[in-house]
Amino acid sequence: MEWRKFKKGNWTNTIDVSDFIKLNYTPYCGDASFLRGKTKRTERVFERVQELLIKENENGGVLNVDPNHVSSLLTFGPGYVIEGEDLIVGLQTDEPLKRAVNPFAGYRNAVQACKAYGYEIGENVTNEFKYRTTHNTGVFRVYTDTMKKARHVGILTGLPDAYARGRIIGDYRRIALYGMDYLIEQRQLDKKRIGERDMDEDTIRLLEDIERQLEFMKQLVVMAGQYGCDITRPASNAQEAIQWLYFGYLGAVKEQNGAANSIGRISAFIDIYIQRDIEEGNLDEVSAQELVDDLIIKMRLVRHLRTPEYNELFAGDPVWVTCSLAGMTEDGKPMVTKTCFRFLQTLYNLGPSAEPNITVLWAQDLPEGFKKFCAKVSIDTDSIQYENDDVMRKDFGDDYSIACCVSAMKTGKQMQFFGARCNLAKVLLMTLNGGKDEIYGEQIAPEGEVFAADKPLVYEEVLERFKTYAAWMAKLYVNTMNVIHYMHDRYAYERLMMSLHDVEPERLMAFGISGLSVLADSLSAIKYAKVTPVKDERGLIVDFVTEGEFPKYGNDDDRADEIAQWITEFFYDELCKTKTYRGAKHTLSILTITSNVVYGKKTGSTPDGRKAGEPFAPGANPMHGRDAEGALASLNSVAKLCYDCCQDGISNTFSITPETLGHNEDERVEKLVDVLDGYFVQHAHHLNVNVLNRQKLIDAMNNPALYPSLTIRVSGYAVNFNKLTKDKQLEVISRTFHEKM
Amino acid sequence: MKGYVHSFESLAAVDGLGIRCAVFLSGCPLRCAYCHNPDTWNRGGVETEPELLVKKIARYKPYFKADGGVTFSGGEPLCQAEFIRECALLLENAGINYAIDTSGAVALDENVKAVLENAQMVILDLKFADNESYEKYTGVGIKRTLETLNHLESIGKDTWIRTVVVPGINDSEAEIQRYTELIKGFSCVKRYELLGFHTMGFFKYEKLGVENPFKGKQALEDDVLKRLQEFADNKLNI
C-alpha cells in the first residue's frame with residue numbers, strides 16, 4: 001500500500017534508495033514560475049520562530065539550557081513550535097531552542113559550555129559521568145607528548161578530541177522508504193551473517209557496533225511514537241515521508257553533537273512522494289511548499305551547546321544542516337525536481353538563512369531554468385553554495401551527499417573520520433627554525449639547523465628541508481587522527497547514524513590544510529624575490545625582509561599557482577604513507593571554516609609579507625588584496641588545484657558587488673550563471689557566492705538591529721552576520737571584494 | 001608590434017555583453033577633469049606582444065559562452081589601433097570577440113576603421129553635449145567624437161553610449177535631455193548609460209602629483225543617478 005504506483009526494481013529486494021529514486025523521480029526542466037508563497041499557518045509558526053530567534057540573540061546567543069538532562073533520543077518528551085500547528089513535528093528538547101547537555105565526547109567541555117551561559121551542570125549528570133569514560137578522556141590517555149605539543153602550539157588545530165567529530169550522514173530516507181521494522185530486521189540478519197566469521201578484533205568490534213545500532217533503532221521507534229507516529233512501517237504519503245526522514249535526523253542530533261550534522265540529499269526522494277500525492281489529488285502546490293517550509297523551519301531550529309572557544313573556530317553557531325540539491329545521474333539525466341526549487345523557495349518564504357546549508361550540486365548540463373533560479377537566489381540572499389557535480393560524480397556516483405561544507409560521501413555507503421586541519425604556513429616557519437615553534441620557542445619536530453639570518457634564503461635549500469618537516473608533520477597528523485577516531489568509536493559512537501548506513505561502510509579519513517595561500521606566496525617570495533630572515537634574541541626567525549616582486553597565487557600566474565598545486569599533491573602523498581585506523585581512505589580538504597582568523601593569530605610573520613597574527617585567507621582563497629587581475633583570475637588559480645588529491649573539498653569564497661556583475665537583475669543572473677559554468681568547467685570544486693556591497697557589511701556591523709537576517713557565505717557555510725565576533729566581521733569586510741571602479 | 005598595456009581586469013562584466021575581460025591600454029589624448037584613471041594618460045605600463053596578450057585573454061574563454069569576450073579600454077584604446085588590429089586577428093583565430101570602449105576622440109584612419117568594423121560592439125563616451133564643455137573639461141572638442149558616432153551609424157555597429165554625470169555640472173534633467181536629443185536619431189545606439197561621478201580615483205592624482213580639478217567634489221548620489229537614468233530611458237525609448 002505504501003509503495004503504490006512506484007516502479008519496482010532492485011530497491012524492492014534490498015536496501016537501495018538510489019535505485020528507487022532513479023526509477024521514480026520526475027525531472028523538471030522549467031522555470032520558477034510554479035512556486036508559491038507561504039500559507040497563513042506557516043506565517044503564524046514562523047512568526048513564533050522569529051520571536052524566539054530575536055530572544056536568543058538578545059540573550060547572548062543561547063536562549064535556554066537544560067543542564068540536568070543529557071541529550072538523547074528519549075530523555076526529553078515531545079516539543080513543538082506551536083502544538084497542533086506544526087506539520088512536521090519534533091524538537092531536540094521539549095521546547096524550541098532549548099539546548100541540552102551532551103558530555104559523551106567530553107565532560108569538561110560540557111561543564112564549561114554550561115558555565116559560559118550561566119548554568120551549572122546537574123548533579124545527576126556529574127555523577128553519571130564520574131563512572132564513564134568520555135571520548136576526550138580516552139584520547140588523552142593515549143596522546144604522546146609530541147601530539148600534545150603540536151596541538152598546544154596550534155600546528156594541528158580544531159582536532160575533534162574534546163567535541164564530537166560529526167560529518168557523518170545517516171541515510172534518513174531509508175526510514176521513510178522501508179520503515180524501521182524492515183531496517184531492524186535487515187540489521188539483525190547482518191549481525192547473524194557477520195557472527196559466522198572468526199572472532200578477530202575487527203569482527204568483535206563490528207558486532208558490538210551492530211548491537212549498539214539496534215538499541216538506538218528501537219529507541220527511534222519509541223521517540224516517533226511519542227509524537228503519535230508509527231515509523232515501523234514505510235511512509236505512505238509526502239507528509240509522512242518528510243516526517244519519517246526528519247525523525248531519523250532528529251534522533252541523530254539528539255544523540256550526537258558532532259561539528260557538522262548534515263541531512264544529505266533528500267529533495268528528489270521527497271519529490272517522488274509529493275508528485276504522487278499531487279497526482280492522486282491529495283496535495284496542491286501551496287500545501288507541497290508548506291510541507292517543505294515546515295521541514296526547513298525545523299532545520300533552522302537545530303542547536304548544540306558549545307563553548308566560546310568552539311565558536312572561535314567555527315563562528316556563528318553553525319550546525320551545518322547541509323542539504324544537497326540537484327546534480328546529475330551517472331547516465332546523464334539532471335536530478336533537478338520541482339522540490340529542488342521548493343527548497344530554494346524557502347529562502348524567500350522564510351527569508352535568507354545560514355541553515356540549512358543549501359548546497360547546489362552544479363553540473364554543466366543542468367537545465368537553464370534551474371541554473372538561473374539558483375543565481376537569482378544567490379544574488380537575493382547570499383545563502384547558498386555550489387559544488388561541482390561533474391567532478392564529484394566520477395568518484396562518488398550519483399547518490400552522494402555533502403557533509404559540513406565540502407565533504408562528499410556516498411549516502412549510507414561511506415562515512416567520514418573528520419580530521420580538522422594542519423597549519424602548513426607554520427610548518428614552513430618550523431622548517432626555518434629547525435623544528436622549533438616560532439612563537440613558543442619549543443622544540444616540536446626533530447631538531448635541525450636554524451637558517452641563517454644574514455643572507456637571503458635559497459629556494460632549493462628551503463624546499464628540501466620543508467619536505468622533511470612536512471613529511472614528519474603528515475605522519476604525526478595521521479597518527480593523531482588514528483588515536484582520536486579509535487576513541488570516538490569506542491566512547492562516542494554514532495549509533496543511530498551508523499544504523500542508517502550499510503553495515504560495513506567504506507571509511508574516509510579527511511585531513512585538512514590551512515594556510516595554503518600564505519605558504520604558496522611565501523615559497524614564491526623565496527623563489528622569485530629576495531627574502532632575508534630576521535632573528536630575535538632567542539635566535540629564532542620571527543620576521544623577514546622581502547625585497548622585490550614575486551608572483552602571487554590568485555592571479556592565474558602558473559609560477560605561483562604551480563607551487564600551490566605542488567603543496568597539496570605533496571602533502572597528500574605524504575599523508576597516504578601512514579596507515580589509518582579501520583583502513584580508512586585518506587582524503588584531504590582545503591577548508592578552514594572561519595578558523596583562518598585563529599590560525600593567523602597563532603602564526604608568526606611569513607616570507608610573503610604577512611605579519612605575525614594577521615588572518616590567513618579562508619580555505620583555498622588567495623590572500624586578501626593580492627589578486628590584482630580581478631575575480632576570474634582568482635577563480636582560475638583556485639581551479640588549478642587538483643580535486644583528485646583533495647577529495648574532501650577545495651573551498652573558495654567569492655564576493656562581488658551587484659554593480660560589478662551587471663546593470664540589472666536579469667543581466668546579473670545571466671552573468672553569474674556564466675561565471676559558475678566557466679569556473680566549474682575547469683574542474684574547480686566549490687564556490688561560495690556573495691553578491692553584496694562592502695558598505696552594507698560595514699553598516700550591518702554598526703547597526704546590527706537593521707540587519708537581523710543578513711546572511712553571508714564564509715568558508716563552506718553561511719552565517720548570520722550578526723553572530724560573528726567583531727574580529728571576524730572585520731576580517732570578512734577586509735576580504736577582496738570584486739568591484740568595479 | 002608591441003602594445004602599451006596599463007593593466008588587465010579579468011572580470012569586466014558590465015563593459016559589454018556576456019562575461020568580459022578588459023585590457024586597459026595606456027595613452028589618452030583627453031584630460032578629462034573627472035578622469036578616475038589619470039595613471040593611464042601617458043603611454044606607459046608593460047610593453048606586450050599581441051600573442052602574449054591574446055594567450056592571457058584565452059584563459060578566460062570558459063566564461064565567455066556566446067556573447068562574452070574582451071573589451072579594449074584605456075586610456076584611449078584607439079590610439080593603439082594598429083596593435084588592436086594585430087590582436088584582433090589572433091582573437092578571431094581563438095574564437096573570441098572584442099569590444100572597444102572609446103572616447104571616439106581619434107582620427108578615423110584606416111587602422112581605426114578596421115578595428116571598429118570588426119568589433120562586436122562599441123562603447124562610446126559622450127562626455128558632454130556641446131563643444132564648449134568638451135573643451136573646458138576634456139581639453140579637446142566634440143568634433144571627432146561625433147564623427148566617430150556618425151561612422152558607427154554608417155557601418156551599423158551596435159553602440160552603447162556612456163556619460164559620466166557630475167554633480168553641479170550635468171546632473172539635471174535639462175542637461176541630460178541635451179544628450180538624449182543628440183543621440184535620438186542614431187539607430188546604432190542600443191543603450192544609453194549614465195555613470196555616477198565617484199571619488200575612488202582621487203588617490204591616484206595625489207600619487208601622481210597631478211592637480212585634481214575636481215578635488216573636493218562629492219560623488220553623485222545613487223538615487224539621483226537612478227532618476228536621471230529613468231528619465232533618459234524614457235526619452236530614448238531603448
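Reminder, nothing fancy here: chain letters follow the sequence lines and each chain counts from 1.
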| note | Interface check, chain B: of V675(A), L676(A), N555(A), V681(A), most non-hydrogen pairs under 4.5 Å belong to V675(A)
| query | Considering residues, nucleotides and ligands other than E665(A), do more than 12 of their heavy atoms fall under 6.0 Å from its CD? | reply | yes
| field | Nearest atoms (heavy-atom pairs only) where L632(A) meets I19(B) | value | CD1-CG2, 3.6 Å
| query | Out of curiosity, S10(B) OG to D627(A) CG, how far, rounded to the nearest 0.5 Å? | reply | 8.5 Å
| task | Report yes if some heavy atom in the side chain of L635(A) is under 4.5 Å from a heavy atom in the side chain of L11(B); otherwise report no. | result | no
| Is H683(A) atom NE2 crowded by more than 12 heavy atoms from other residues, nucleotides or ligands, each under 6.0 Å away? | no
| said: Given heavy-atom pairs under 4.5 angstrom as the criterion, report whether the side chain, backbone, both or neither of K56(B) touches chain A. | reply: side chain
| Which pair of non-hydrogen atoms, one from N636(A) and one from R59(B), has the smallest distance, and what is that distance? | ND2-O, 3.3 Å
| field | Whether over 12 other heavy atoms sit under 6.0 Å from F214(B) CZ | value | yes
| query | What distance separates Y63(B) OH from K671(A) NZ, expressed to the nearest 0.5 Å? | reply | 15.0 Å
| Has N93(B) got more than 12 heavy atoms of other residues, nucleotides or ligands less than 6.0 Å from its CG? | yes
| note | Rounded to the nearest 0.5 Å, the CD atom of E670(A) sits from the CG atom of D67(B) at a distance of 8.5 Å
| Above 12 or not: heavy atoms from other molecules or residues under 6.0 Å from NZ of K530(A)? | no
| query | Would you say D674(A)'s side chain and K65(B)'s backbone share a donor-acceptor pair under 3.5 angstrom? | reply | no
| field | Under 4.5 Å from a heavy atom of chain B, the part of F680(A) involved | value | neither
| query | If you count the non-hydrogen atoms of other residues, nucleotides and ligands that lie under 6.0 Å from CD in E92(B), is the total more than 12? | reply | no
| task | Would you indicate whether Q218(B), at its atom CD, is surrounded by more than 12 heavy atoms from other residues, nucleotides or ligands within a distance under 6.0 Å? | result | no
